[in-house]
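A short worksheet on the structure shown next.
Residues take their numbers from the sequence shown, with the count starting at 1. None of the values given here were measured: they were computed from a predicted structure.
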Amino acid sequence: MNKLFKYFKYLFYAVFVAAAVFAGFLGFMTLNDYVPPKQEKVSCDAKASVIEVGKPLTCMIWNIGYAGLDAGMDFFYDGGTQMRPTHHQSYSNLKNIESFVLNHPVDFLMLQEIDTKAKRSYGMNQVDTIANALGLPSYFGKNYSVKWVPLPILTPMGNVESGIAVYTKQQPTGYTRYAYPVNFEWPLKVFMLDRCFLELRFPTANGHELVLVNTHNSAFDDGGELRKAELDYFKDYMLNEYKKGNYVIAGGDFNQCPAHYVPAADNKLFDREDFHTVPDTLLPADWHFVFDASVPSNRRVIAPYDAQTTKTTLIDFFITSPNVTTQSVETKNLKFENSDHNPVLATFVLR
């Protein structure tokens, strides 16, 4: 009986200590939770570039997957087992991404899931690395700032500082980070992304403004509440800018298929298990969803990429206001060599 008493006493102590450690960790994370304001506006002192009406403007959007989700990777949070590749592979992925954007110069480069400092990318400042390679300034919006993500237990994600970035030689009048209005409930929210979009504004030669927007919308949203709230907020924002007479070019990773997109019935590799689409009625009929339906922009990361078996989808695209004409759009089929997304390039003209 005495041994049994000691066993339960030690078990109680162990449970108490574990509970205390967990409570302390959760308290620390809650106190250090990143809670951005609704809007973070930065004005630029340099003279703004004037964008010409009628002249082609080139854009590229690319979720680079923190240079960690190359073709040989799966991802723990999407049903796989891994969190990051080797240091060498992570560096190699980033250099290959850098090489691609150098060889495909555009007026506006818009990247998502790019780290400034994170365990998953070995502390590399990817935002500065790309900026230095291009010789361009970067405009950054943070959407992931967590002191420690504890899962997976044996190889945790750890600390994360990440977000979305725009690179351009054009000088904006200013840039603003807009927080999307809905997030997960506590305590899950302290470990999740704080979704946002990043706006850059440029005067146009006819007295209006070009409003360029980089966005990365919610993915982990089984009930659809976050997706709907983000789209409604984004819709009101874009319609308001167009009502002012401005031009809107918005692009990024929407984590759902564009409106008016119908996957081919004979496409056996299309990811119909996770098929969410922007409602066709979200925006007036004269607004444009700009995408290349011939090439997938994203792959499922439950396992390493296999061209014969991996499910793919199309979730990276542009939305433009009625006063913007699309000249071309192309998704580059890189076969997900260095990211779980393919880059999308487009050319627009302001009317």
Side-chain angles (χ1 to χ4, degrees), residues 25 28-29 32-34 60-103 109-167 190-196 198 214 216 219-220 253 298-305 334-343:
F25 172 69
F28 171 79
M29 294 300 297
N32 288 276
D33 184 28
Y34 172 56
M60 183 194 304
I61 52 174
W62 195 4
N63 181 328
I64 67 167
Y66 62 92
L69 296 175
D70 55 78
M73 283 286 293
D74 59 24
F75 187 53
F76 174 80
Y77 288 96
D78 280 319
T81 62
Q82 304 178 83
M83 181 53 65
R84 63 176 180 171
T86 65
H87 190 184
H88 172 76
Q89 186 61 40
S90 181
Y91 178 77
S92 176
N93 289 334
L94 185 60
K95 295 304 290 183
N96 289 338
I97 291 166
E98 175 188 306
S99 177
F100 182 87
V101 298
L102 277 170
N103 291 324
L109 173 63
M110 304 152 71
L111 303 182
Q112 302 87 44
E113 211 162 320
I114 182 167
D115 290 352
T116 54
K117 185 179 181 182
K119 182 178 185 293
R120 65 186 185 179
S121 51
Y122 297 91
M124 291 183 284
N125 190 324
Q126 299 174 339
V127 173
D128 286 354
T129 297
I130 299 295
N132 292 335
L134 294 172
L136 294 174
S138 62
Y139 303 91
F140 180 72
K142 183 163 60 176
N143 67 8
Y144 203 9
S145 180
V146 179
K147 295 294 184 184
W148 195 260
V149 182
L151 297 177
I153 293 174
L154 296 180
T155 55
M157 182 185 290
N159 66 298
V160 187
E161 293 285 340
S162 186
I164 55 181
V166 177
Y167 303 85
V190 305
F191 301 103
M192 300 299 286
L193 286 84
D194 295 272
R195 299 287 183 174
C196 71
L198 187 66
N214 184 3
H216 188 188
F220 303 103
D253 175 4
N298 174 244
R299 73 170 178 95
R300 187 173 274 270
V301 284
I302 194 171
Y305 179 65
L334 303 186
K335 300 179 180 178
F336 309 107
E337 180 182 1
N338 303 115
S339 170
D340 60 327
H341 291 251
N342 283 321

[atom2] on [Y] to [atom1] on [X], rounded to 0.5 Å:
{"X": "Ile114", "Y": "His216", "atom1": "CD1", "atom2": "NE2", "value": "12.5 Å"}
{"X": "Met157", "Y": "Tyr144", "atom1": "CE", "atom2": "OH", "value": "4.5 Å"}
{"X": "Gln126", "Y": "Leu111", "atom1": "CD", "atom2": "CG", "value": "9.5 Å"}
{"X": "Ile97", "Y": "Ile64", "atom1": "CD1", "atom2": "CD1", "value": "4.5 Å"}
{"X": "Asn93", "Y": "Glu337", "atom1": "CG", "atom2": "CD", "value": "8.0 Å"}
{"X": "Phe76", "Y": "Gln82", "atom1": "CZ", "atom2": "CD", "value": "12.0 Å"}

Which atom of [X] lies closest to which atom of [Y], heavy atoms considered:
{"X": "Ser138", "Y": "Ala131", "result": "CB-CB, 4.3 Å"}
{"X": "Asn143", "Y": "Cys196", "result": "CB-SG, 3.8 Å"}
{"X": "Val149", "Y": "Phe191", "result": "CG2-O, 4.3 Å"}
{"X": "Pro85", "Y": "Gly68", "result": "CD-O, 3.3 Å"}

Have a look at Leu109 and tell me which of Ile61, Leu134, Val166, Asn214 forms a side chain to side chain contact (heavy atoms under 4.5 Å, CB included) with it.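 For Leu109, the side chain to side chain contact (heavy atoms under 4.5 Å, CB included) check succeeds only for Leu134.
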
Heavy-atom side-chain contact between [X] and [Y] under 4.5 Å:
{"X": "Met83", "Y": "Phe75", "value": "yes"}
{"X": "Arg120", "Y": "Ser162", "value": "yes"}
{"X": "Leu151", "Y": "Tyr77", "value": "yes"}
{"X": "Ile130", "Y": "Glu98", "value": "yes"}
{"X": "Met60", "Y": "Phe100", "value": "yes"}

Go through Asp340 and Asn298 one step at a time and tell me if the side chain to side chain contact (heavy atoms under 4.5 Å, CB included) criterion holds. CA-CA 6 Å; Asp340 60 327; Asn298 174 244; 3.7 Å; yes

Could you tell me whether a side-chain N or O of [X] sits under 3.5 Å from a main-chain N or O of [Y], the two making a donor and an acceptor?
{"X": "Tyr167", "Y": "Val127", "value": "yes"}
{"X": "Asn338", "Y": "Ala67", "value": "no"}
{"X": "Glu161", "Y": "Lys117", "value": "no"}
{"X": "Ser339", "Y": "Asn63", "value": "yes"}
{"X": "Arg84", "Y": "Lys119", "value": "yes"}
{"X": "Thr129", "Y": "Asn125", "value": "yes"}
{"X": "Asp78", "Y": "Arg300", "value": "no"}
{"X": "Asp115", "Y": "Met124", "value": "no"}

Show, in sequence, the C-alpha distance, side-chain angles and deciding distance for Thr155 and Thr81, and conclude whether the side chain to side chain contact (heavy atoms under 4.5 Å, CB included) test is met. CA-CA 10 Å; Thr155 55; Thr81 62; over 6 Å; no

Cation-aromatic face contact Arg299/Tyr305, 6.0 Å, 45 degrees: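 Judged by the rule (NZ or CZ under 6.0 Å from the ring centre, within 45° of its axis), Arg299 is not positioned above Tyr305.
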
Any chance you could lay out the side chain to side chain contact (heavy atoms under 4.5 Å, CB included) test for Val146 and Tyr34, step after step, and finish with the verdict? CA-CA 7 Å; Val146 179; Tyr34 172 56; over 6 Å; no

List the steps, then state whether side chain to side chain contact (heavy atoms under 4.5 Å, CB included) holds for Ser145 with Asp194. CA-CA 8 Å; Ser145 180; Asp194 295 272; 6.0 Å; no

Once you measure the plane-to-plane angle for His87 and Tyr122, does it fall in the parallel (<30°), tilted (30-60°) or perpendicular (>60°) bin?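 His87 vs Tyr122 ring planes: parallel.
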
